[in-house]
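Heads up, the thing below is written out as structure tokens.
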2 protein chains.
Amino acid sequence: MARAATTTDAFNAVAEPRRRQILDLLATGERPVNDLVQLLGLAQPQVSKHLRVLREVDLVHVRDEGRQRMYRLNAEPLKPLHDWLSKYEQSWNKRFDLMDSVLDELKETEHDNDHDD
Amino acid sequence: MARAATTTDAFNAVAEPRRRQILDLLATGERPVNDLVQLLGLAQPQVSKHLRVLREVDLVHVRDEGRQRMYRLNAEPLKPLHDWLSKYEQSWNKRFDLMDSVLDELKETEHDNDHDD
DNA sequence: CAATCGTATACCTATAAGGGAATACGTCAA
DNA sequence: TTGACGTATTCCCTTATAGGTATACGATTG
């Protein structure tokens, strides 16, 4: 099997930096494709392709405005990612790294001398 | 070009569900590979391969314990993801979807009648 | 209708993933 | 040492990416 498709979920869609950039740009408001092309400095087809992926995971909504297509952010599918990551938040807030080191040392000491209390 | 390697950063590493599962399991404490194999119901080589990816992006640390290898979570590389996602938090908290719809309608009205106030 | 603009899609290529299966390697026990 | 155990690595295969380039398509303008 190959890697899961980028359109599988927001996790995969957002793994690509360009797509995160696009979302960041859309966070400031609705924009037509050419705006993004300018701001990103990418070729138009690539932008359209990234937008397709974002559309398929519902991270953006489109609206037809004459011959332009206005893209708008829909951040809701990002919530599950944020929720999942929140579980780990304490790990970097409470200097768990340090605690881990201490635990390691303890374990190694335990290993050397069996104490009976 | 192909998709960025899974070892490029935590974003890519964590896009794979199994690897998220592994991190979830390690969140409860240090574990040897076979533990994970049991808990995940995967073949041992696949688990080792996933662990390799997680190691390369520094999401896990290893410690040799006899012939076992104890894996421990290192959540710090997840912080950037959490930070990035936090920017969008308000979007799903404040019913922005609704606001967006309203904005859309406003825009369309603006479009129809040019008002001068 | 023709020309042009804004955007999407098709096609090609190089790259690598992830699962399966086999095997290599280091450690410990007999 | 031999053998078993725990784990990592290698090889094969299928699939899909992301970029480049060309082109198709709908809407608007003249």
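On a predicted model such as this, the values are computed, not experimentally measured, just so you know. Just so you know, these numbers use all the heavy atoms, side chains as well, and skip hydrogens, waters and symmetry mates. Throughout, protein chains are lettered first and strands after them, A, B, ... in sequence-line order, and every chain is numbered starting at 1.
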Separation of D:dT9 C1' from B:E56 CD (nearest whole Å): 13 Å

What's the closest nucleotide to the B:M1 side chain, out of D:dA8, D:dG19, C:dG19? D:dG19

To the nearest angstrom, how far is B:M70 atom CE from C:dG26 atom P? 21 Å

If you count the non-hydrogen atoms of other residues, nucleotides and ligands that lie under 6.0 Å from CZ in A:R18, is the total more than 12? no

Whole Å only: how far is the CG atom of A:N12 from the P atom of D:dT17? 10 Å

For B:H82, does its backbone N or O pair with a side-chain atom of B:S86 as donor and acceptor, under 3.5 Å? yes

Judged by atom type as modelled, is there a donor-acceptor pair below 3.5 Å linking the side chain of B:R19 to the main-chain atoms of B:A13? yes

Under 4.0 Å between a side-chain N or O of B:N34 and OP1 or OP2 of D:dT7? yes

The nucleotide from C:dG18, C:dT7, D:dT7 with an atom nearest the side chain of B:R19 is C:dG18

Under 4.0 Å between a side-chain N or O of B:Y71 and OP1 or OP2 of D:dG6? no

Are any side-chain N or O atoms of A:D9 and backbone N or O atoms of A:N12, one a donor and one an acceptor, separated by less than 3.5 Å? yes

Flag, side chain of A:R31 to backbone of A:Y71, donor-acceptor distance under 3.5 Å: no

Closest to side chain of A:S48, choosing from C:dT9, D:dT21, C:dG19: C:dT9

Whole-Å distance separating the CG atom of A:L36 from the P atom of C:dT7: 9 Å

Below 4.0 Å: OP1/OP2 of C:dA17 and any side-chain N or O of B:H50: no

5' priority, DNA chain D, between A:T7 and A:K49 [closest heavy atom]: A:T7

When all nucleic acid strands are considered with a 4.0 Å heavy-atom cut-off, which category describes B:A5: base, sugar-phosphate, or nothing? sugar-phosphate

Does a distance-only test, which skips hydrogens and angles, find a donor-acceptor pair under 3.5 Å between the side chain of B:Q44 and the base of D:dA8? yes

From CZ of B:R63 across to P of C:dT27 the rounded distance in Å is 15 Å

Phosphate-side-chain proximity, A:T6 and D:dT17, N/O vs OP1/OP2 below 4.0 Å: yes

From CG of A:L42 across to C1' of D:dT21 the rounded distance in Å is 15 Å

Take atom CZ of B:R55 and atom P of D:dT7, then tell me their distance rounded to the nearest Å. 12 Å

If I take atom CD in residue A:Q68 and atom P in nucleotide C:dT4, what distance separates them, rounded to the nearest angstrom? 19 Å

C:dA8 phosphate, OP1 or OP2: any side-chain N/O from A:R69 under 4.0 angstrom? yes

State whether B:R52 places a side-chain N or O below 4.0 Å from either non-bridging phosphate oxygen (OP1 or OP2) of D:dT9. yes

Counting C-beta onward and ignoring hydrogens, is there a side-chain heavy-atom pair between A:V14 and A:V57 closer than 4.5 Å? no

Name the closest nucleotide to the B:Q46 side chain, picking from C:dG19, D:dT15, C:dT7. C:dG19

Nearest to the side chain of A:R67, which nucleotide is it out of D:dT29, D:dT17, C:dA17? D:dT29

Nearest nucleotide by nearest heavy atom, which residue falls closer to the 5' end of DNA chain D, A:R3 or A:P45? A:R3

